[in-house]
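For reference, the structure discussed in these notes is given below.
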Amino acid sequence: MDKTYFLTQSTSLILVIAISLIFAFLGILHSKKFPGINNYLTANRNIGLFSLTTSLVASALGAWILFGPVAAATWGGVGAVIGYALGTAFPMIFLIYFGKKIRNEFPKGSSLVEFMRKKFGKSLFKLILLMTIFYMFIFLCAEVTAVALLINYISGTELWITALIVLVATLSYTLYGGLRASIFTDNIQMIVIGVLLFILISIIGSSSGNNFSFSLINEKNPQLLSSNYTPGYTAGLTFFIAVAATNLFHQGNWQRVYAAKDYQTLKSGLIISFFIIVPIVFLMGFIGMVSFSIDPSVRPDLGFFSLLLKDQREILSLLIIILGLALTISTVDTLVNAISSLFVVDGKATFNLDKKTNYLKISKYFILILSVIAFGVASKGFDILYLFLLADLFCCAFVVTVFYSFYNKVNEKTAYVSIIIGLVAGFLMFPFPDFSKSLLVGVFLSKDLFSPFISQSLLFLSFLTATFLPAIILKIKFR
């Protein structure tokens, strides 16, 4: 029996092409006014408050917000929702302090990795660069896959078609205009995202009536709101640690730190972004709990759509597609330009090629190769959550050592030791794909030797270990 979709493939395809082309056209048209490598990397360091804020928020909120917080809330409850929201937004607060430090000490820079190259030797700097690119590439795959699955869910459009259109359109203006094009389109995309989220969440609230409340959740699934619900605490801390750590290594954020016209603009933009991101992510998680309480049989990550499209209204399907595309393209253009800029800025120190080498040109070929791989992943609809969690683990192992070095002198050997120990310990606790065991718990040692809390909290404990064990190593070293 054929599945009934909310829109025809032709209607969906026309909309995907039209929206993608509009953003591509606007990005290219705007960038023609601002040529040059400085605009490509840092938007000539003169971005004002409105553009900076909308770009920070649009880049942070990808298509994942339609799936991730909604699903996490169904098993982690309000604790997971709070952790997810704060983890997404808290890097904005951290960047107020780290951003001031890096702008003062390295005013002509454009990346965190470039700053780390000055702090450490070339060997460790390359490891940080590799980890950063790996994380952002996984993020790129996840975003393209998410929007392809979304369009497929609504209209049955094959995954590869959506993935191809989105990637080609985004690459066309981002590789041409760089950060300047990315920030300009982010401004428009954030307005679209804000308006559509307000409309769609309002529709869910009004159509759900009294069911759109904490009372319903407390009646149907009281554990999700209970202060005694242990998974809520572990889930919340897991999301906070993982999401906050990874976003601190997001080159797109660091580009915007340097792009702000002055520190006061940066500080205000980061604070405003924090207070915009938190309620949006929290609301999406709340919707997940409501959906789960109304109908537990609905797939957890489709809770938002199940509430919104229960009457199969075509107009709402159109709005969801526009929202999904705006969320995805605003994130993908940031990732594309971020990876490209790392190659341009740090390529010379990494590869030591001929002095006449055009690293900007090479970076574009590199991005095209990564985009082809991302296209392949998205076309198959692979679940890359596990790979994403692995990338999170890498970031957790690096985060304390890297940012401790902002304010304290750390030699390269000590930094290496702390990071490697954090990685190894985290890997030992990191769960297998079925989350039933890890190398330490269940392989090297029997699960029976560990308490139920440990065997059921492997992901949380792996992130906790990878993050804070390096801090202990640094503390011992500098005692």
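Aromatic ring pairs are classed by plane angle as parallel below 30°, tilted from 30° to 60° and perpendicular above 60°; the pair Phe106 and Phe115 is tilted. Relative orientation of the Phe403 and Phe406 rings is tilted, given thresholds of 30° and 60° on the angle between their planes. In this structure, Phe90 and Phe240 have perpendicular ring planes: the angle between them is above 60°, well past the 30° mark.
Open room surrounds NZ on Lys380; 12 or fewer heavy atoms of other groups in view lie less than 6.0 Å from it. Few gaps surround NZ on Lys126; more than 12 heavy atoms of other groups in view lie less than 6.0 Å from it. The local environment of OH in Tyr97 is sparse, with at most 12 non-hydrogen atoms from other residues, nucleotides or ligands closer than 6.0 Å. Within a 6.0 Å radius of OH in Tyr407, more than 12 heavy atoms belonging to other residues, nucleotides or ligands are found. Heavy-atom neighbours of Phe432 CZ from other residues, nucleotides or ligands within 6.0 Å: above the threshold of 12.
The only member of Ser55, Ser273, Ser51 that meets side chain to side chain donor-acceptor pair (under 3.5 Å) when paired with Arg256 is Ser55. Applying side chain to side chain contact (heavy atoms under 4.5 Å, CB included) to Ser182 and the options Ile329, Asp333, Thr170, Leu335 leaves one that passes, Asp333.
We find the OG1-CG distance between Thr42 and Asn44 to be 6.5 Å, quoted to the nearest 0.5 Å. Put simply, CD1 on Ile369 and CD1 on Ile367 are 10.0 Å apart, with the number rounded to the nearest 0.5 Å. To the nearest 0.5 angstrom, Ser291 atom OG is 9.0 Å from Ile204 atom CD1. Put simply, CD1 on Ile280 and CG on Leu283 are 8.5 Å apart, with the number rounded to the nearest 0.5 Å. Within the model, atoms CD1 of Ile419 and CE of Met131 stand 7.5 Å from one another, a figure rounded to the nearest 0.5 Å. The line from CE of Met284 to CE of Met289 is 12.5 Å long, rounded to the nearest 0.5 Å.
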Please lay out, stage by stage, how Tyr258 and Ile102 fare under the test side-chain contact (heavy atoms from CB on, under 4.5 Å). CA-CA 9 Å; Tyr258 277 115; Ile102 202 171; 3.2 Å; yes
Would Tyr135 and Asn247 satisfy side chain to side chain donor-acceptor pair (under 3.5 Å), going step by step from the backbone distance to the final call? CA-CA 10 Å; Tyr135 151 64; Asn247 281 336; 3.3 Å; yes
Could you check Asn337 against Ser340 for side chain to side chain donor-acceptor pair (under 3.5 Å), going step by step and ending with a plain yes or no? CA-CA 5 Å; Asn337 182 242; Ser340 176; 5.2 Å; no
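For the pair Ala146 and Ala63, the tightest heavy-atom approach, listed with the atom from each and the gap, is CB-CB, 4.1 Å. Between Ile193 and Leu327, the shortest heavy-atom distance links the atoms CD1-CD2, 3.6 Å. Smallest separation of non-hydrogen atoms from Thr401 and Pro470: OG1-CB, 3.8 Å. Nearest approach of Leu124 to Glu412, heavy atoms of both residues: N-OE2, 2.9 Å. When all heavy atoms of Leu49 and Gly269 are compared, the pair lying nearest together is CD1-N, 3.4 Å. Taking all atoms of both residues into account, the shortest heavy-atom contact from Val16 to Leu325 is CA-CD1, 3.7 Å.
Using a 4.5 Å heavy-atom cutoff, the side chains of Tyr416 and Leu127 are in contact. Contact check for Leu308 versus Leu319: no side-chain heavy atoms found under the 4.5 Å cut-off. Side-chain contact between Phe139 and Thr331 is present, with at least one heavy-atom pair separated by less than 4.5 Å. The shortest side-chain heavy-atom distance between Trp64 and Val281 falls under the 4.5 Å cut-off. Side-chain contact between Phe430 and Leu389: present, with at least one pair of heavy atoms (C-beta onward) separated by less than 4.5 Å. Under the 4.5 Å side-chain criterion, counting only non-hydrogen atoms from C-beta, Thr132 is not in contact with Phe398. Side-chain contact between Val399 and Ile241 is absent, with no heavy-atom pair separated by less than 4.5 Å. The side-chain heavy atoms of Thr246 and Phe394, taken from C-beta on, include no pair separated by under 4.5 Å.
Checking side-chain atoms of Ser20 against main-chain N and O of Ala169 turns up no donor-acceptor pair under 3.5 Å. At distances below 3.5 Å, at least one donor-acceptor pair connects side-chain atoms of Lys364 with backbone N or O atoms of Leu175. Side-chain N or O atoms of Arg45 include one that pairs as donor or acceptor with a backbone N or O of Lys108 at under 3.5 Å. With Ser306 contributing its side chain and Gly303 its backbone, the two residues share a donor-acceptor pair below 3.5 Å.
Under the ring pair (Phe, Tyr, Trp, His ring centres under 6.0 Å) criterion, Phe67 pairs with Phe305, not counting sequence neighbours. Not counting sequence neighbours, the partners of Asp346 by the salt bridge (charged side-chain N to carboxylate O under 4.0 Å, His left out) test are Arg117.
Side-chain contact check for Asn39 and Ser31: no donor-acceptor pair (N or O, by modelled atom type) lies under 3.5 Å. No hydrogens or angles considered: nothing links the side chains of Thr54 and Asp186 as a donor-acceptor pair under 3.5 Å.
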Under 3.5 Å, which donor-acceptor pairs link side chains of residues 229-237 to any protein atom two or more places apart or in another chain?
residue : atom : partner : partner atom : Å
Tyr229  : OH   : Trp75   : O            : 2.8
Tyr233  : OH   : Ser227  : O            : 2.6
Thr234  : OG1  : Thr230  : O            : 3.4
Thr234  : OG1  : Pro231  : O            : 3.2

